[in-house]
Protein chains: 2
Amino acid sequence: MARERKIDMVILGLLSHENLTGYDIKKRIDGAINFFWKGSFGNIYPALRDMEQTGLLTKKEESAGGREKITYRITDEGKKVLKNWLREEQASNELKYETLLKLFFGGADNKKISVHNIEIFEEQIKEDLKVLKSYCKALESAPEDKDHLYFYLTASFGVETYEAYLKWCTKAKRMLQ
Amino acid sequence: MARERKIDMVILGLLSHENLTGYDIKKRIDGAINFFWKGSFGNIYPALRDMEQTGLLTKKEESAGGREKITYRITDEGKKVLKNWLREEQASNELKYETLLKLFFGGADNKKISVHNIEIFEEQIKEDLKVLKSYCKALESAPEDKDHLYFYLTASFGVETYEAYLKWCTKAKRMLQ
DNA sequence: CTATCATATATCAAAATGATATATCAAAAA
DNA sequence: TTTTTGATATATCATTTTGATATATGATAG
């Protein structure tokens with residue numbers, strides 16, 4: 001993780017759509033982005049502070065209702081950084097699947113344990129697939145916004161790979177029994 | 001990552017197969033495990049030190065040829081910890097795909113940039129797929145070892161999902177043009 | 001009226017990442 | 001022959017991420 005802080009790009013991307021607070025950003029990440037990228041308060045707030053200081057963002061503090069609230073806006077410099085990142089040739093794509101790790105070492109225990117672990121995975125994927133499918137359907141029926149195509153394509157990646165996961169689950173369970 | 005150090009389980013799993021040095025462990029992780037889990041010297045060596053101190057591993061220092069070398073062996077206590085982990089109900093499975101992140105925010109730049117980024121991804125996946133298919137083929141033709149089924153299933157997960165990725169790439173490029 | 005939940009910011013320890021430092025040994029190239 | 005390259009081998013460090021927790025207010029439900 002050393003080197004280039006990726007959460008910065010997530011934040012710049014979200015702020016290129018709309019002005020948001022740190023809390024809002026967390027909610028957005030937990031939504032449609034969640035299945036291919038994660039974020040936490042622990043890296044969002046420090047990133048916002050740093051990017052405000054380096055001029056990629058501006059902040060507006062409000063305490064109208066009484067509760068403090070800091071809304072961030074992207075600057076032209078911030079937009080430039082976002083574009084430069086989009087145009088970079090390298091991208092790091094990685095899986096971190098504990099289920100596969102357990103299966104790889106499945107020989108250390110009974111086969112039934114491995115089958116059960118695949119079943120747990122299968123149930124989780126089925127749940128997530130429902131959500132992804134509902135995202136897709138919502139985006140298909142409302143193609144007005146120019147960004148919708150991009151949102152649709154990422155959700156559709158999820159749907160198609162998760163369907164492949166489920167097929168693999170069936171096959172893997174069969175081969176273990 | 002706070003809470004439970006997952007690299008411990010990777011190391012225990014590998015050492016349940018054979019005795020290894022830290023360097024060997026890194027090589028194993030960079031092999032068949034690499035596509036669903038990563039490891040680095042920066043977390044392998046401290047984990048080995050800690051687990052030796054808590055009695056999950058024993059070490060044997062050699063400097064026969066002149067070069068120092070520390071080979072680790074798993075203890076019964078270590079095997080117990082490995083089994084307990086295999087039998088835990090929860091497993092964290094996550095994607096971290098910068099390509100999807102870029103695509104999600106693709107509206108901030110020209111469509112051609114997004115198409116190009118998908119092409120880069122596609123080429124990478126094609127390369128990785130070749131490697132995974134060769135793993136599968138090697139494991140199919142040598143089913144003697146009881147662990148081979150588990151290795152085969154994880155590699156086969158990779159093959160099937162990567163093939164789904166490639167189908168998605170074709171569709172996504174078409175929809176962007 | 002009070003418990004619970006969503007909003008909102010912030011910090012911290014633990015862990016992962018990725019780079020770098022150091023040194024030996026074998027093999028290939030000059 | 002000497003030198004350079006690349007594999008072996010351990011270790012540490014700064015940066016970043018993770019996941020948990022602390023704190024406090026406003027809204028809503030029982």
Side-chain angles (χ1 to χ4, degrees), chain A residues 1-11 19-31 33-34 36-54 57 59-72 90-98 101, chain B residues 1-11 19-31 33-34 36-54 57 59-72 90-98 101:
Chain A
M1 243 115 272
R3 222 83 261 269
E4 199 198 30
R5 197 166 49 171
K6 294 286 165 60
I7 191 67
D8 288 8
M9 302 306 141
V10 185
I11 293 172
N19 300 333
L20 297 165
T21 67
Y23 188 78
D24 291 331
I25 287 167
K26 177 71 162 78
K27 274 197 296 179
R28 294 289 184 286
I29 295 175
D30 286 345
I33 291 175
N34 194 254
F36 61 85
W37 207 272
K38 305 270 183 295
S40 70
F41 293 130
N43 67 350
I44 292 168
Y45 283 111
L48 285 169
R49 206 196 299 121
D50 294 350
M51 289 196 288
E52 196 268 332
Q53 268 163 11
T54 54
L57 309 177
K59 65 173 169 181
K60 198 169 76 178
E61 282 162 276
E62 289 162 285
S63 37
R67 182 167 47 195
E68 59 178 340
K69 192 170 155 172
I70 309 166
T71 305
Y72 289 89
Q90 32 35 306
S92 97
N93 295 305
E94 45 188 89
L95 250 67
K96 208 157 186 178
Y97 273 28
E98 199 174 351
L101 201 54
Chain B
M1 244 113 273
R3 221 82 261 271
E4 200 197 29
R5 197 168 48 174
K6 295 287 166 61
I7 191 67
D8 288 7
M9 301 307 141
V10 185
I11 294 172
N19 300 333
L20 297 165
T21 66
Y23 188 79
D24 290 332
I25 288 167
K26 177 71 162 77
K27 273 197 295 180
R28 293 288 183 290
I29 296 174
D30 287 345
I33 292 175
N34 193 253
F36 61 86
W37 207 274
K38 305 272 185 291
S40 70
F41 293 129
N43 67 350
I44 292 169
Y45 283 112
L48 285 170
R49 206 196 299 122
D50 293 352
M51 288 196 291
E52 196 268 332
Q53 268 162 13
T54 54
L57 308 178
K59 65 175 170 179
K60 195 169 79 181
E61 281 163 276
E62 290 162 285
S63 37
R67 183 168 47 193
E68 58 177 343
K69 193 170 153 170
I70 309 166
T71 304
Y72 289 89
Q90 31 37 306
S92 98
N93 295 304
E94 44 188 270
L95 250 66
K96 209 157 187 179
Y97 272 30
E98 199 175 352
L101 200 55

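Because only heavy atoms are used, hydrogens play no part in the values below, and waters and symmetry mates are left out as well, while side chains stay in. Every chain is numbered from 1, with letters handed out A, B, ... down the list of sequences.
- OP1 or OP2 of D:dT8 has at least one side-chain nitrogen or oxygen of B:Lys27 nearer than 4.0 Å.
- Under a 4.0 Å N-O distance rule, the pair B:Lys26/B:Asp30 qualifies as a salt bridge.
- OP1 or OP2 of C:dT11 sits under 4.0 Å from a side-chain N or O of A:Arg49.
- Applying the 4.0 Å criterion to OP1 and OP2 of C:dT9, one finds that A:Tyr23 has every side-chain N and O outside that range.
- Nearest to the side-chain atoms of B:Arg5 among the listed nucleotides D:dA11, C:dA16, D:dT17 stands C:dA16.
- When heavy atoms are screened at a 4.0 angstrom cut-off, A:Ser40 is found touching base atoms of the nucleic acid.
- Base contact: B:Gly42 has a heavy atom under 4.0 Å from a base atom.
- Using a 4.0 Å cut-off between charged nitrogen and carboxylate oxygen, A:Asp50 and A:Arg5 count as a salt-bridge pair.
- With rounding to whole Å, A:Glu68 atom CD is found 6 Å from C:dA10 atom P.
- Regarding contacts with the backbone of D:dA7, every side-chain N or O of B:Lys69 stays at 4.0 angstrom or more from both OP1 and OP2.
- Judged by the 6.0 Å and 45° rule, A:Lys96 forms a cation-pi pair with B:Trp37.
- Between A:Thr21 and C:dT9, a side-chain N or O to OP1/OP2 separation shorter than 4.0 Å is present.
- Between B:Tyr45 and D:dT10, a side-chain N or O to OP1/OP2 separation shorter than 4.0 Å is present.
- Phosphate contact (OP1/OP2 of D:dT15, side-chain N/O of A:Lys6, threshold under 4.0 Å): absent.
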